[in-house]
Undergrad: 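Please see the structure below; I have some questions.
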Amino acid sequence: MKRILLLLFLSVLSHGIFAQVRFIERFEVESELDAPLFEMIESEAGLVCFRTLPDKGLNMKRVFQYFIADSRLDSKEGVIQFPVKDGYDMLGYDVDQNQLFILFTEGYALNADKYLLQVDLQTKQGLEFVIENVLDMELVEFLVQDQKAIFMGSSDSRPVLQIHDILTKSVHTLQGIYGNDTQILQIKKNPEIRSLEVVLSRKGAYRNRDIIINTYDMTGNVIQEVKVDQFADPGQEIIDGILLSSGNYQEAMIGAFGLERRNSYQGMYIMDINEFGEFDFKLYTLADFPNFYNYLNEKTKGKRDAEILKELEKERIPSINSIYSIRDVRQTPDAYYVYFDQYSVSNSRSGFQNGMYSPTAGYRYDRWSRMGATTFSDPYLANRFPMSSSYQTVPEYRYVSAHFAKVAKTGQVLWDNATSYDEFITTYPEAFGEVAIVGEDFYHMYVEDEIIKLSFFRNGEKIFENQEFELGLVNEKERIRDTNLASLRLIHWYDRYFLLSGTQRVRFLNEAGADEIREVYFLTKIVVDGDLYKPEQLPD
């Protein structure tokens with residue numbers, strides 16, 4: 001009797017846990033398990049997913065496929081195809097004013113011929129444009145704004161950025177970028193004033209690094225330059241950052257700072273920039289984040305907290321043991337929600353993810369509309385890009401912990417907390433954790449192998465950490481036969497909804513009642529709900 005009660009209790013508990021993560025909608029496209037993946041980008045028309053793949057038959061032709069899905073993952077037209085010129089494949093993409101732009105290249109040499117496919121997402125019509133007069137470069141980013149294509153890459157080991165007018169064919173090279181010891185950290189489109197913001201890092205006087213934020217018009221002229229050549233105390237430097245608009249022509253840049261040449265991270269900064277380009281800093285160290293070590297057990301956390309107090313008593317800034325890299329920033333009118341990861345890198349020439357002394361290694365991508373670096377270690381790009389000359393070995397990333405904080409725009413830390421990664425190791429170079437913020441609820445989710453891991457915070461208090469959920473289907477009568485783990489991609493979509501994509505084999509019963517297997521690329525909409533978590537203990 002006791003055994004039956006225990007099994008019943010475990011069944012109820014299991015159902016309660018799994019209800020926190022539900023697979024509610026799904027869209028599938030017939031696709032082989034190792035076929036090229038669909039990229040995803042948001043647009044006015046909905047979620048646009050697209051890829052190129054070999055055409056059927058024994059030839060070298062490829063086709064371009066795309067579909068548009070609404071918030072319920074319904075697609076009215078289904079998959080739409082365009083032919084691709086012989087010998088060409090997709091290299092970059094962007095969306096602008098409900099137009100999808102795909103950059104194609106004939107091979108991957110720096111001087112390879114290129115053309116642009118423009119697809120009107122409303123009429124489903126396509127136009128092709130030849131790309132000419134652009135410098136030969138190792139392309140890192142491709143964007144489009146106002147019918148102008150933006151090419152960013154590396155030429156002769158120096159960063160370069162050019163604006164190509166699609167209609168007039170004119171090309172403008174942005175000034176103040178091409179040079180030694182210079183790195184482009186971020187490009188940010190500003191459609192409201194038809195401008196482009198570029199965040200640069202450049203070696204300055206006394207071996208320190210200057211941060212320069214340039215605003216350009218769409219013909220390459222500098223509208224505004226913000227130069228940060230003095231930061232905090234001597235020796236302290238900005239190590240990474242995310243530039244974001246905070247409204248009324250105000251901006252903010254948030255990231256990590258420390259003693260870079262000593263390989264030491266010290267904390268987080270917020271740089272507020274007004275409409276005149278004037279700025280000021282707020283600095284935050286471990287003294288401002290009392291829950292930084294909440295990812296450790298109570299005993300170890302106590303030891304670390306005591307070490308911080310000793311450093312503060314000696315008027316020293318405590319160091320963060322590993323790389324401390326900003327991943328995401330969300331904002332409300334009154335506060336910022338910031339998300340950092342702590343990790344280390346092995347098999348790498350540089351201990352710093354941002355690679356401050358490389359022209360492009362530290363470029364920060366938009367998770368939704370990024371072309372992607374030419375690294376062979378990125379599973380989403382491996383089918384499209386060759387091995388880059390910038391990488392000789394495959395670096396491994398050992399993830400330690402994820403850190404979250406809510407900071408008032410007036411400066412106060414309202415709460416902070418952390419969760420453990422349990423020394424998770426990956427060769428994937430981009431951030432893989434995703435966050436959702438719903439009111440005062442904060443979710444952190446990532447995928448490890450075939451398991452989804454979810455942590456939940458309410459008003460800064462950790463409710464649960466790394467709850468595990470198996471991959472699931474919407475149709476309970478079907479079963480997952482195989483999953484291509486390298487294909488899995490998790491992205492926060494909106495509100496409390498996430499998107500999981502990849503390729504799978506699914507077992508189902510056909511009309512005759514016999515087992516069948518279908519091979520698909522899938523998009524699954526996931527909803528999370530921390531209120532369904534009810535911690536209970538087994539009876540004695």
Undergrad: Quick check: do Tyr269 and Ile238 have side-chain heavy atoms less than 4.5 Å from each other?
TA: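 Yes. Closest side-chain heavy atoms under 4.5 Å.
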Undergrad: Could you list the residues that satisfy salt bridge (charged side-chain N to carboxylate O under 4.0 Å, His left out) with Asp272, not counting sequence neighbours?
TA: Lys282
Undergrad: Output yes when a side-chain donor or acceptor of Thr105 lies under 3.5 Å from a complementary backbone atom of Tyr108, and no otherwise.
TA: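 Pair absent, no side-chain N/O of Thr105 close to backbone of Tyr108.
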Undergrad: Should the pair Arg202-Asp210 be classified as a salt bridge under the 4.0 Å nitrogen-to-oxygen rule?
TA: no
Undergrad: Hey, would you say the Phe432 and Tyr399 ring centroids sit under 6.0 Å apart?
TA: yes
Undergrad: With a 4.5 Å limit on heavy-atom distance, are the side chains of Tyr88 and Thr52 in contact?
TA: no
Undergrad: Is it the case that the side chain of Glu44 and the backbone of Asp96 share a donor-acceptor pair, with hydrogens and angles ignored and the cut-off at 3.5 Å?
TA: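 No, Glu44 side chain to Asp96 backbone: no donor-acceptor pair under 3.5 Å.
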Undergrad: Any sub-3.5 Å donor-acceptor pair from Arg330's side-chain atoms to Val435's backbone N or O?
TA: yes
Undergrad: Going by atom type alone, with no hydrogens or angles, which donor-acceptor pairs under 3.5 Å involve a side-chain atom of residues 226-235 and a protein atom two or more places apart or on another chain?
TA:
none

Undergrad: Is a side-chain donor or acceptor of Thr426 paired with a backbone partner of Tyr397 at a separation under 3.5 angstrom?
TA: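 Not at all, since once roles are kept as given, no pair shorter than 3.5 Å links the two residues.
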Undergrad: Strictly under 6.0 Å, is that where the ring centroids of Phe67 and Phe38 end up?
TA: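 Yes.
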Undergrad: Flag the pair Glu141 and Arg364 as a salt bridge only when some basic side-chain nitrogen lies within less than 4.0 angstrom of an acidic carboxylate oxygen.
TA: no
Undergrad: Examine distances only and state if a side-chain atom of Asp181 and a backbone atom of Lys203 form a donor-acceptor pair shorter than 3.5 Å.
TA: no
Undergrad: With sequence neighbours excluded, give me every side chain to side chain donor-acceptor pair (under 3.5 Å) pair touching residues 120-134.
TA: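 Pairs touching residues 120-134 that pass the test: Gln99-Asp120.
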Undergrad: Backbone N or O of Cys49 within a donor-acceptor pair of the Glu39 side chain at under 3.5 Å?
TA: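 Pair absent, no side-chain N/O of Glu39 close to backbone of Cys49.
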Undergrad: Grab the two heavy atoms, one from Gln65 and one from Val79, that are nearest each other, plus how far apart they are.
TA: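 Minimum heavy-atom separation between Gln65 and Val79: CB-CG1, 3.8 Å.
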Undergrad: When the aromatic ring centroids of Phe279 and Phe281 are compared, is their separation below 6.0 Å?
TA: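 Between Phe281 and Phe279, which both carry aromatic rings, the centre distance is below 6.0 Å.
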Undergrad: In chain order, what residues pass the side chain to side chain contact (heavy atoms under 4.5 Å, CB included) check against Asn274, with sequence neighbours excluded?
TA: Gln250, Phe276, Glu278
Undergrad: For Tyr93 and Phe101, I'd like to know if the aromatic rings sit close, meaning centre-to-centre distance below 6.0 Å.
TA: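 Here the rings of Phe101 and Tyr93 have centres that are no less than 6.0 Å from each other.
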Undergrad: Below 4.5 Å, heavy atoms only, C-beta onward: do Tyr363 and Met152 meet side chain to side chain?
TA: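 Yes - at least one pair of side-chain heavy atoms lies under 4.5 Å apart.
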Undergrad: Would the Phe129 and His164 ring centres measure less than 6.0 Å apart?
TA: no
Undergrad: When you look at Tyr339 and His444, which way does the ring pair (Phe, Tyr, Trp, His ring centres under 6.0 Å) test go after all the steps?
TA: CA-CA 9 Å; Tyr339 159 36; His444 176 250; 5.2 Å; yes
Undergrad: Is there a side-chain contact between Val198 and Ile213 (heavy atoms, below 4.5 Å)?
TA: no
Undergrad: Do the side chain of Asp217 and the main chain of Asn221 share a donor and acceptor less than 3.5 angstrom apart?
TA: yes
Undergrad: Between Glu106 and Lys114, is there a donor-acceptor pair closer than 3.5 Å when you use the side chain of the first and the backbone of the second?
TA: no
Undergrad: Do the charged groups of Arg62 and Asp55 touch, with an N to O distance under 4.0 Å?
TA: no
Undergrad: List in chain and number order the residues that pass salt bridge (charged side-chain N to carboxylate O under 4.0 Å, His left out) with Asp86, two or more places apart in sequence or in another chain; answer none if no residue qualifies.
TA: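 Applying salt bridge (charged side-chain N to carboxylate O under 4.0 Å, His left out) to Asp86 gives Lys61.
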Undergrad: Would you verify whether the NZ or CZ of Lys409 falls within 45 degrees of the ring axis of Tyr336 while also being under 6.0 Å from that six-membered ring's centre?
TA: yes
Undergrad: Please find out if less than 6.0 Å separates the ring center of Phe289 from that of Phe404.
TA: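 Between Phe289 and Phe404, the centre distance exceeds or equals 6.0 Å.
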Undergrad: Is the backbone of Ser170 close enough, under 3.5 Å, to the side chain of Asp165 for a donor and an acceptor to pair up by distance?
TA: no
Undergrad: Establish, yes or no, whether the cationic atom of Lys85 lies under 6.0 Å from the six-membered ring centre of Tyr115 and within 45° of the ring axis.
TA: yes
Undergrad: Quick one: list whatever passes salt bridge (charged side-chain N to carboxylate O under 4.0 Å, His left out) with Glu423, sequence neighbours left out.
TA: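 Expected list: Arg398.
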Undergrad: Report the residue from Gln224, Glu197, Glu225 that forms a side chain to side chain contact (heavy atoms under 4.5 Å, CB included) with Asn214.
TA: Glu225
Undergrad: So does Ala45 get a backbone contact from the side chain of Asn98, meaning a donor-acceptor N/O pair under 3.5 Å?
TA: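 Yes.
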Undergrad: Do Thr173 and Tyr178 make a side-chain contact, defined as non-hydrogen atoms from C-beta onward lying under 4.5 Å apart?
TA: no
Undergrad: Are side-chain N/O atoms of Lys148 and Thr219 paired as donor and acceptor at under 3.5 Å?
TA: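 The answer is no; no qualifying pair exists.
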Undergrad: Can you check whether Ser319 reaches Ser264 side chain to side chain, under 4.5 Å on heavy atoms?
TA: yes
Undergrad: For the residue pair His492 and Phe498, categorise the inter-ring angle as parallel (less than 30°), tilted (30 to 60°) or perpendicular (more than 60°).
TA: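 Ring orientation, 0 to 90° scale: perpendicular.
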